[in-house]
Amino acid sequence: MWARKKIDITWSDLLFGAWRTCFPPDRTRTAQGVESPWPNPEHTLACLSVRSGFDLLLAAMALPRDSEVLVSAITIPDMIRIVEHHGLIPVPVDLDPQRMSPTPDAWQAAVTRATRAIVIAHLFGGLADMEPLLEMARRHNLLVIEDCAQAFGGTGYQGHPDADASMFSFGVIKAGTALGGAVLRIRDSGLLRRMRAMQAAYPVESRWRYVKHLAKAAGFKALGYGPLCSLFVCVCRTIGWDYDQWVNRAARGFPGDGLFAQLRRQPSASLLAVLHRRLRNHDPCRAERHAAKGKALASALRESVACPGATVVPHTYWVFPVLVEEPKRLIERLARAGYDATQGQSLCVVHAPKDRPGQSPVVAEGILAKAVFLPFYPELPHRESQRMAEVLLRNIVDP
Ligand SMILES: *Cc1c(COP(=O)(O)O)cnc(C)c1O
């Protein structure tokens, strides 16, 4: 069975993490090491997670209560919780299914007098075109925040220099993961200074918590091996566990209650050390090969299967979703052919505020309802990706 996801970290990174947990380096110096490879290190901040950094950013921006924040209509639920927690109103802007981001006109149409900021997510690994959005935002005096959590790696993208904030995640399921950690690039030095001061007052995440993440990652790595994955799925079926839910719960960075208490922490020295190592050793060639494979799969399917955002350039193909009328049936067929696909429970569609029914994101809803995320990662050989394409094409002929 080709597992749905392979955690993107090596055994030697995990061993390094264990070593750095026992003998942690100097935290401040290691944080500087994480910030140094970005275009303006003095405008860069290492955080515990994108959610931590986003929470910090909104706190430091201190927008007036009930300001509207326009957001890409698909994101992870916590990002919306964070916006609301700061007394702001998230307003979804529907996606263009070809690009998996809102069109400049859609952003523009959602702006009201209460709008203060825009959060654009580069979904699935494809980079949205920032220029027209930035131009529109400048006209309306809006802040632009880029959520690059899904777009690190292959493209070499490090955030748009004119965006007010660009956020990169190194959480467990992300490309180049450090089992947590995030890098935020902040354009305004005053804003960044406030964020740094606020973050410095947070407690430091315990390194023993990082041990837990290391152990979990070792488990995920084991499950990434075909035979172990098949065995695990089989055991789950036998004892009546929902494998899908189990994996999603286990992959969650901040489980349970008290989200904000968990977010408001500084990254530990061990986490920063692993993140620094991941950034230093990042292999652009491997990422490029993977992107080429994604392009090939997209063109094999293009005529017959809807692949949202698959033709966006540049693209890392962090995930590869296809849209079908009966996702469950396709997942079963793929499972029989040896591919563990999923409906992807970690993303959500953002609801429109009651007084803005026109912003209801119907396209985004359709996409998430029909999406099947294929197992697709650098370790999947080209011939397997072609065989998977054949299963998908047969599914069209015989729906
Ligand atoms: C993963 C993800 C996040 C959160 O990143 P963390 O570093 O885990 O907080 C935010 N937005 C999107 C679109 C994501 O995919």
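For clarity, every value in this text was computed on a predicted model and none was experimentally measured. Remember, it's 1-based here, ligands and their atoms both numbered in the order they're listed.
Nearest approach of Val305 to Leu323, heavy atoms of both residues: CG1-O, 4.4 Å. Here the shortest heavy-atom pairing between Ala137 and Val144 reads CB-CG2, 3.3 Å.
Nearest to atom 9 (O) of ligand 1 among the protein's heavy atoms is Arg51 NE, 2.7 Å. If you check which protein heavy atom lies closest to atom 1 (C) of ligand 1, you get Lys174 NZ, 1.4 Å. Among protein heavy atoms, the minimum distance from atom 13 (C) of ligand 1 is reached at Asp147 OD2, 3.4 Å. The protein non-hydrogen atom at the shortest distance from atom 15 (O) of ligand 1 is Gln150 NE2, 2.8 Å. With respect to atom 3 (C) of ligand 1, the closest heavy atom belonging to the protein is Ile76 CD1, 3.5 Å.
Between Gly181 and ligand 1, not a single N/O pair is under 3.5 Å apart. In terms of polar-atom proximity, defined here as any N/O pair under 3.5 Å, Ser169 does make such a contact with ligand 1.
In terms of modelled atom types and a separation under 3.5 Å, the side chain of Asp147 and the main chain of Ala121 share no donor-acceptor contact. With Asp94 contributing its side chain and Val362 its backbone, the two residues share a donor-acceptor pair below 3.5 Å.
Atom numbering of ligand 1 starts at 1 in the shown order; those under 4.0 Å from a heavy atom of Met79 are 10 (C), 11 (N).
For Arg264 and Tyr202, the positive end is not near the middle of the six-membered ring at less than 6.0 Å and at most 45° from its axis.
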